[in-house]
Number of protein chains: 2
Amino acid sequence: MTGEQTEKPARKPRIRDAEATKARILDAAKKEFAKNGLGGARVDDIAEKAKANKRMIYHYFESKEGLFQTVLEDAYLDIRSAEQKLHLEDLDPTAALEKLVRFTWEYYLKNPEFLTLVNSENLHRAKHLKKSEIIKVSSRKLVNLVSSILERGVKAGVFRDGVDPVQLNITIAAVGYYYLTNRFTGTIIYERDLMAKDALEQRIQFNIETIMRLVTV
Amino acid sequence: MTGEQTEKPARKPRIRDAEATKARILDAAKKEFAKNGLGGARVDDIAEKAKANKRMIYHYFESKEGLFQTVLEDAYLDIRSAEQKLHLEDLDPTAALEKLVRFTWEYYLKNPEFLTLVNSENLHRAKHLKKSEIIKVSSRKLVNLVSSILERGVKAGVFRDGVDPVQLNITIAAVGYYYLTNRFTGTIIYERDLMAKDALEQRIQFNIETIMRLVTV
DNA sequence: TAAAGAAGTAACTAGTTAGTGCGTTAAATG
DNA sequence: CATTTAACGCACTAACTAGTTACTTCTTTA
């Protein structure tokens, strides 16, 4: 509908570029939603940061919630696709699991907006995610990935039998997510700078230890 | 200042009762902040739910943020005091640790507002908690509690040496917190009702297993 | 019982905020 | 080159929202 012949032109920098404007809005919205939550985010601020007119937001995304939904979907698709790119099936079970734990931690660390977006979505009882079929499909792949790592480990005699892949998946996420999403209150409660370089290094080692001990025979 | 002679009268139900009004406001505010976050909460709604006039909120708590800070402080003090009441020092190390894991899980389960309040506070980079000295003091007690359980376990030969009590504390919270705060997105991602009775039972068992394997020799 | 002080209320303000109506301008098309 | 289509922007509105002003009513105490 938008441009059949004009697939990826990138020939000359167009002054009017729908895709580029859309991308700028999404980028600005991601930051704004992550910083202030869905309720706290301001549409005017998103438009300004995106160097777009507010009218464009409503033209491309219908509403503030429509924009949030797209931002959230994109965020989930990004982490799910990055997980697939790890090619864990090529590694032995122990190395594969350790790599997944490390990847999850580093992804959260490099993309703190992801954590806040997920928190915001849960505050709204996942009403936006519910509508998205593609998220379910890509999540299923992640569970299957962990399932097969576990199976291979059991066969190789390095992992114990009976570990639920969903519970393991949740726990891998949990030990990183909690630490990082609560880094501000955590720094006060535990009277220790949780984001100091050595603190982060100590935590990822602890997380690997936690997960490995959980699955090992 | 408010009433020296009238310490806990409870003689006749007063039509005008400052303490009762204050309590109703705090209760309504806790629910409203938990449901909608600090930004999404509406002062008018809090007043209405509390069956108090909005002016009273500003009289007792100065501002919306002042009210939020009091709600948050109260929430932290409640869980910290409940932890102390477990008297874990009277149990053997293994039983004490298991009881703490179970308590933490059940507290989150029964008080989901706590999770949302903490999330909201982290969205605001812990600016309200920073001001509270009493929170630091009571948190220190929790870390000391876990420290002494670990120490006793090492001496008894049931726990391994070198486990950082802060990391352990964080992990005990993490495995419950993540599961419950993300119960809405989780139910979609993992295509499983995470709040079903047997799912909850399975999770607490998994959490105990995770923590026990982490500290055992 | 009169005076003082505290508890409580209605109505308002000044500033925001999501969302729109309508016109303008650039690019594609025949 | 004329016409259509899509990108873009200004200026507005209707509803909302934190916080306040000015007042009434109840309770305590000298």
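In this text the structure is predicted, and so the values were computed from the model without any measurement. Order of the sequence lines sets the chain letters (A, B, ...), proteins ahead of strands, with each chain counted from 1.
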Taking 4.0 angstrom as the limit, do A:D45 and A:K49 come out as a salt bridge? no
Side chain to side chain contact (heavy atoms under 4.5 Å, CB included) partners for A:T104, two or more places apart: A:L100, A:Y108, A:I172
Report, one pair per line, the protein and nucleotides 11-13 of chain C atoms (nitrogen or oxygen only) whose separation is under 3.5 Å.
none

SB check A:K35 A:E32 (cutoff 4.0 Å): no
Taking every heavy atom of B:K130 against every heavy atom of B:R125, the minimum-distance pair comes out as NZ-O, 4.0 Å
Round to a whole Å and report the spacing from CG of B:D44 to C1' of C:dT9. 14 Å
Is A:K136 reaching over with its side chain to a backbone N or O of B:Y190, donor-acceptor style, under 3.5 angstrom? no
Rounding to an integer number of Å, can you tell me how far A:E48 CD sits from C:dA18 P? 13 Å
At under 4.0 Å between heavy atoms, what does A:A20 touch on the DNA or RNA strands: base, sugar-phosphate, or nothing? nothing
Any N/O donor-acceptor pair, A:R55 side-chain to C:dG23 base, under 3.5 Å: no
Could you check whether B:E48 pairs with B:K54 (Lys NZ or Arg NE/NH1/NH2 to Asp/Glu carboxylate O, under 4.0 Å)? no
Is any side-chain N of the basic residue among B:D17 and B:R24 closer than 4.0 Å to the acidic one's carboxylate O? no
Whole-Å distance between C:dG19 C1' and A:I46 CD1? 13 Å
Taking atom C1' of D:dT25 as reference, at what distance in whole Å does atom CG of B:D17 sit? 16 Å
When the distance from CG of A:L67 to C1' of C:dA18 is rounded to whole Å, what number comes out? 12 Å
Using a heavy-atom cut-off of 4.0 Å across all strands, would you classify A:A47 as base, sugar-phosphate, or nothing? nothing
Separation of atom CD in A:E19 from atom C1' in C:dA27, rounded to whole Å: 15 Å
Note: contacts of residues 56-64 of chain A with DNA chain D (heavy atom, under 4.0 Å) are A:M56, A:H59, A:Y60
Separation of D:dA18 C1' from B:D45 CG (nearest whole Å): 13 Å
Quickly work out the A:K51 NZ to D:dC8 P distance and round it to whole Å. 15 Å
Check against ring pair (Phe, Tyr, Trp, His ring centres under 6.0 Å), A:Y76 and A:F114: CA-CA 8 Å; A:Y76 267 106; A:F114 180 77; 5.4 Å; yes
Quick check on C:dA7: is either OP1 or OP2 less than 4.0 Å from any side-chain nitrogen or oxygen of B:T21? no
Please report the shortest heavy-atom distance between A:A41 and A:F33, naming the atom on each side. CB-CD2, 3.4 Å
